[in-house]
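Quick caveat, the model's predicted, so the values are computed rather than measured. Remember, it's 1-based here, ligands and their atoms both numbered in the order they're listed.
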Amino acid sequence: MKPKEWISDLRVYEPGKPIEEVARELGFDDIAEIVKVASNENELGPSPLAVEAMQEAISEVHRYPDGGAFYLKRKLAKKLCVEPENLLFGCGSNELIVFLCHVFMEQGKNLIMGAEAFAVYFLANALYRGETVRVPMPGHVHDLDAMLEAITPETRLVAICNPNNPTGTMVSPEAIDRFVEKLPDHVVAVFDEAYFEVMPEAMKPDVLKHIRAGKENVIVLRTFSKAYGLAGLRIGYAVAHPELIRLLNKVRQPFNVSTVAQAAAIAALDDVTHIVETREMVSGGLDFFEEELPKLGVETVASGANFILVKTGNGRAVFQALQRRKVIVRPMDPYGLPDHIRITVGIPEQNRFMLEALKDVLS
Ligand SMILES: Cc1ncc(COP(=O)(O)O)c(C=O)c1O
């Protein structure tokens, strides 16, 4: 075989392990005893309305899905006060990041991202031989002025994860507006809002207003994987100017989002109660961790998402020790944060179990 050199050199994304795999490795019989708080999933589970819609949709899976996602597009457009032409769906928002790199990145061009930001931007960019410029994040926060300064004529994409994964930090709505105003026309700004639904109201950005006003080089990515509790279905969406959506649509496979995923997403959008309960679970859990973790002598980073970054010292050793106590978190060395772990907020019982396990590990 003679694969392309830059493909064989690629680093593969290291996702959180499935519970079953950890149970097998550590010899635990009952997976129900394991607390997996490693992938920022919704521990309340999916909306019951979505489950019902999926059950109904299953009988139609002998047919290809609607590639244009007609009903979902109409429903979401109405909710977001945009036009259906402003929307595109992906097999998770991850796929939309790959579409962006497919359309804009190549050798000699660069993508700008935060030094401690979501790794998929770097990995997708590498697929197309783009250079990645990592801008330092003082206090773990995106420095939008420094990102603007890093732009060169070769820059094609600037990615701002807000809140950022894995730090949970946010940028203010005012800082975003100033950034968008100064953004050069040759660069597309990607606002990755994977955790938008659980953000504190005062910090929720309104990037969509720029898109409604006709801004061509701004795109918002969101997902049904987090607050909506549908990570296993793989469905996310982009909101942008119709011209940018048309470009991204050129690299999309015709049936990239399944019938079941579309049906679940339509139903999930109706389930306001599920989202309200999710928000309450997350804010209650963050309060709990912010109060209890410092008592163990560890530092936390204020979070606007459904997870919290914790400085425990030797994150990988703590991760392994927690695993032996049936708790799965994420070590943060791949993000250049070797002293940290990331904990997803769960239901109160899981949070307490997690805290006791960490107490045990650190004592
Ligand atoms: C910032 C950010 N963007 C995008 C994603 C991708 O989510 P999905 O592909 O499940 O929609 C994640 C998931 O962890 C994330 O944290």
Side-chain angles (χ1 to χ4, degrees), residues 13-18 36-43 46 50 69 72 76 87-102 111 113-125 127 134 137 140-142 157-171 176 189-199 203-205 207 219-239 248 252-253 256-258 261-262 264-265 268-269 282 301 303-309 328-332 334-335 337 342-345:
Y13 181 71
E14 194 191 316
K17 283 185 190 170
K36 183 189 177 229
V37 281
S39 300
N40 307 339
E41 294 149 341
N42 184 344
E43 292 303 320
L72 176 57
L76 187 59
L87 296 174
L88 188 72
F89 293 89
C91 176
S93 51
N94 266 346
E95 191 184 37
L96 297 160
I97 299 171
V98 175
F99 290 173
L100 279 161
C101 291
H102 199 155
L111 172 151
M113 65 184 283
E116 300 166 8
F118 188 49
V120 168
Y121 285 90
F122 162 75
L123 296 170
N125 189 24
L127 276 181
R134 292 169 186 270
M137 296 172 58
H140 307 295
V141 183
H142 277 103
L157 298 173
V158 181
I160 296 139
C161 301
N162 185 36
N164 181 47
N165 177 14
T167 60
T169 49
M170 295 169 282
V171 280
I176 290 177
V190 186
F191 289 93
D192 186 327
E193 298 180 349
Y195 303 92
F196 181 81
E197 297 80 8
V198 296
M199 286 179 86
M203 288 300 278
K204 272 192 176 171
V207 182
I219 184 165
V220 170
L221 303 184
R222 292 194 191 153
T223 182
F224 286 93
S225 297
K226 307 298 180 183
Y228 288 105
L230 299 173
L233 285 180
R234 312 304 302 123
I235 174 164
Y237 62 92
V239 193
L248 297 173
R252 183 180 68 84
Q253 295 300 308
N256 64 326
V257 178
S258 75
Q262 291 184 37
L269 288 172
V282 170
V301 176
S303 173
N306 67 345
F307 57 83
I308 187 161
L309 185 69
I328 317 176
V329 296
R330 277 298 266 283
M332 287 289 109
Y335 283 87
L337 297 164
R342 192 194 65 198
I343 306 169
T344 302
V345 173

Nearest non-hydrogen protein atom to atom 13 (C) of ligand 1, with distance, is Lys226 NZ, 3.0 Å
closest protein heavy atom to atom 12 (C) of ligand 1 is Phe118 CZ, 3.4 Å
Of all the atoms in ligand 1, which lie at a distance below 4.0 Å from a heavy atom belonging to [X]?
X	result
Ser225	8 (P), 10 (O), 11 (O)
Arg234	8 (P), 9 (O), 10 (O)
Ala194	2 (C), 3 (N), 15 (C)
Asn165	1 (C), 14 (O), 15 (C), 16 (O)

Any Phe224 heavy atom less than 4.0 Å to ligand 1: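 No, that is not the case, since the closest heavy atom of the residue is not under 4.0 Å from the ligand.
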**Message:** Just to check, does Gly92 reach to within less than 4.0 Å of ligand 1 when the distance is taken from its heavy atoms?
**Reply:** yes
Worksheet item: Can you find an N/O atom of Ser93 closer than 3.5 Å to an N/O atom of ligand 1?
Response: yes
Hey, what's the ring geometry for Tyr228 with Phe224, parallel, tilted or perpendicular (30° and 60° as the breaks)?
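Ring orientation, 0 to 90° scale: tilted.
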What one should report as the nearest heavy-atom pair of Gly168 and Pro163 is O-CB, 3.7 Å
TODO: Check the pair Asn40, Arg330 against side-chain hydrogen bond (donor to acceptor under 3.5 Å, both in side chains), reporting the backbone distance first and the verdict last.
DONE: CA-CA 10 Å; Asn40 307 339; Arg330 277 298 266 283; over 6 Å; no
| said: Can a donor-acceptor pair be found, under 3.5 Å and without considering hydrogens, that links the side chain of Thr169 to the backbone of His140? | reply: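 Side chain of Thr169 to backbone of His140: a pair is present.
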Option of least heavy-atom distance to atom 3 (N) of ligand 1 (set: Val120, Asp192, Asn94):
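Checking each option, the heavy atom nearest atom 3 (N) of ligand 1 is found in Asp192.
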- Query: Can Glu95 and Arg234 be counted as an ion pair, charged N to O under 4.0 angstrom?
  - Reply: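 Between Arg234 and Glu95 there is no salt bridge, as every charged N stays at least 4.0 Å from the carboxylate O atoms.
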Worksheet item: Phe122 ring centre to Arg134 NZ or CZ under 6.0 Å, with the angle to the axis within 45°?
Response: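 Checked: cation-pi criterion met.
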### Query
Taking side chain as C-beta onward, heavy atoms only, is Phe196 less than 4.5 Å from Val220?
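No. Closest side-chain heavy atoms not under 4.5 Å.
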